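A note on names: the letters A, B, ... follow the listed sequences, proteins ahead of strands, and every chain is numbered from 1. Worth saying up front: this structure is predicted, and the values here are computed from it rather than measured.
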2 protein chains.
Amino acid sequence: MRRKSFGNARCPVARSLDMIGDWWTLLLVRDALRGACRFSDFQESLGLAPNILTARLRKMVEDGILETHPSPERSDRCEYHLTAKGQRLQVVLVALRQWGEDHLYQPGEAMTAMVDKIHGEPVRRLGVVSANGQALQPEEVEIRIESKVAAGPG
Amino acid sequence: MRRKSFGNARCPVARSLDMIGDWWTLLLVRDALRGACRFSDFQESLGLAPNILTARLRKMVEDGILETHPSPERSDRCEYHLTAKGQRLQVVLVALRQWGEDHLYQPGEAMTAMVDKIHGEPVRRLGVVSANGQALQPEEVEIRIESKVAAGPG
DNA sequence: CCGTATCCATTCCGATACTG
DNA sequence: CAGTATCGGAATGGATACGG
């Protein structure tokens with residue numbers, strides 16, 4: 001039996017998870033952000049079976065996260081590139097990265113760092129911040145039902 | 001056959017996903033952040049079968065995301081509360097929320113908003129920012145191999 | 001109310017072989 | 001290289017009945 005779908009839940013977290021909350025999607029986005037665009041790029045990086053890579057890529061194209069372009073060199077191939085929607089998942093990846101760095105490494109274990117290319121400095125920690133710039137604790141926020149309406153997908 | 005484990009991948013994103021990248025964990029964290037702490041709180045919110053709720057909660061306790069406390073009123077019951085590690089997943093949830101709000105709503109659809117309790121104003125958008133405060137585009141960051149070592153899980 | 005136990009359907013995923 | 005096709009094992013998840 002299929003998992004209940006949260007694709008039209010009122011909660012945007014549930015909606016997001018319904019689309020990208022599976023084992024592979026975010027890792028494929030991670031690799032695409034690094035520059036991976038060919039089938040074999042993803043396969044070598046993740047070591048997943050070709051059939052399931054095909055299925056994932058197809059679904060991500062359907063969902064508007066990736067789009068295919070003809071390869072500039074080989075007319076019978078295509079490349080997978082992130083759409084703007086897909087690129088904007090980078091923040092989610094950074095959040096996961098920082099959480100993992102904080103809690104999932106043993107003392108003394110070697111780590112990687114995300115840096116900005118210009119200065120080579122690590123990026124800042126993400127944090128939930130109020131409109132006036134104050135850092136907020138988990139208890140200091142709440143979800144409010146808005147009459148506000150969506151502008152629609154970008 | 002089981003999915004390959006990324007629990008000791010070098011990439012912190014893969015490690016995080018290995019622990020929390022399943023269908024239910026982040027939704028349980030979401031509800032816990034709202035104040036849910038009893039078995040039935042979660043079950044009513046998510047509508048999932050009791051056996052799998054049991055399994056999820058247990059794994060999250062093992063992973064140090066939740067901890068159980070005896071219920072103040074009934075000695076034979078317990079409550080589930082987020083650890084500090086679990087609370088720090090809030091940033092991930094906010095990132096997912098904002099992405100979902102941007103891309104997963106039809107025009108005109110009603111939305112919720114995360115606001116700070118004091119002023120009632122929506123929280124700021126998360127963004128990847130350099131050490132000196134400059135907003136960074138996806139192409140402007142890279143992953144560097146660090147000789148830096150982890151301080152260890154908090 | 002708070003789970004545990006059992007049963008079953010589905011889906012995910014890996015391995016592998018094969019095609020253009 | 002870029003997939004497609006088939007097979008089979010395993011984990012997930014739903015329904016439900018049951019116990020403290």
* **K4(B) side chain vs L48(A) backbone, donor-acceptor pair below 3.5 Å** => no
* Distance, rounded to the nearest Å, where L27(B) contributes CG and dT12(D) contributes C1' -> 15 Å
* Tell me which of D22(A) and R77(A) sits closer to the 5' end of DNA chain C, going by the nucleotide each one is nearest to. => D22(A)
* Asked: Whole Å only: how far is the CZ atom of F39(B) from the P atom of dG19(D)?
  -> 17 Å
* Atom-pair distance (CG on L66(B); P on dG3(C)), nearest Å -> 12 Å
* Which salt bridge (Lys or Arg N to Asp or Glu O under 4.0 Å) pairs, counting each pair once, include a residue from residues 115-143 of chain A, with sequence neighbours left out? -> D102(A)-R125(A)
* To do: Check whether any side-chain N or O of K4(B) sits under 4.0 Å from OP1 or OP2 of dA15(C), and answer yes or no.
  => yes
* So, E101(B) and R97(B), do they make that salt bridge, N to O below 4.0 Å? -> yes
* Phosphate contact (dC2(C) OP1 or OP2) by Y80(B) side-chain N/O below 4.0 Å -> no
* Rounded to whole angstrom units, what separation is found between the CD atom of Q43(B) and the P atom of dA15(D)? -> 11 Å
* Carboxylate-amine/guanidinium contact R56(A) D22(A), below 4.0 Å -> yes
* Asked: In whole angstrom, what separates W23(A)'s CH2 from dA10(D)'s C1'?
  -> 13 Å
* Would you classify F42(A) as touching base, sugar-phosphate or nothing, given that sugar-phosphate means primed atoms plus P, OP1 and OP2, and contacts are heavy atoms under 4.0 Å? => nothing
* Provide, to the nearest angstrom, the distance between the CG atom belonging to L28(A) and the C1' atom belonging to dC13(C). => 14 Å
* Asked: Take atom CG in N51(A); do more than 12 heavy atoms of anything else shown fall under 6.0 Å from it?
  -> yes
* Asked: Of the residues in residues 49-63 of chain A, which ones touch DNA chain D at a heavy-atom distance under 4.0 Å?
  -> P50(A), N51(A), T54(A), R58(A)
* Asked: CG of D41(B) versus P of dC2(C): gap in Å, rounded?
  -> 8 Å
* Whole-Å distance between dG14(C) C1' and F6(B) CZ? -> 12 Å
* Where the side chain of L48(A) is defined as all heavy atoms beyond and including C-beta, which of dG14(C), dG14(D), dC2(C) is the nearest nucleotide? -> dG14(C)
* **N or O in side chain of W24(B) less than 4.0 angstrom from dG13(D) OP1/OP2** => yes
* Can you check whether R38(A) has a side-chain N or O nearer than 4.0 Å to OP1 or OP2 of dC1(D)? -> no
* Asked: Can any side-chain N or O of T112(B) pair as donor or acceptor with the backbone N or O of I143(A) at less than 3.5 Å?
  -> no
* **cation_pi(R15(A), F6(A)) dist<6.0 Å, angle<=45** => no
* Asked: Nearest to the side chain of C78(B) - dC1(D), dG3(C), dA15(D)?
  -> dG3(C)
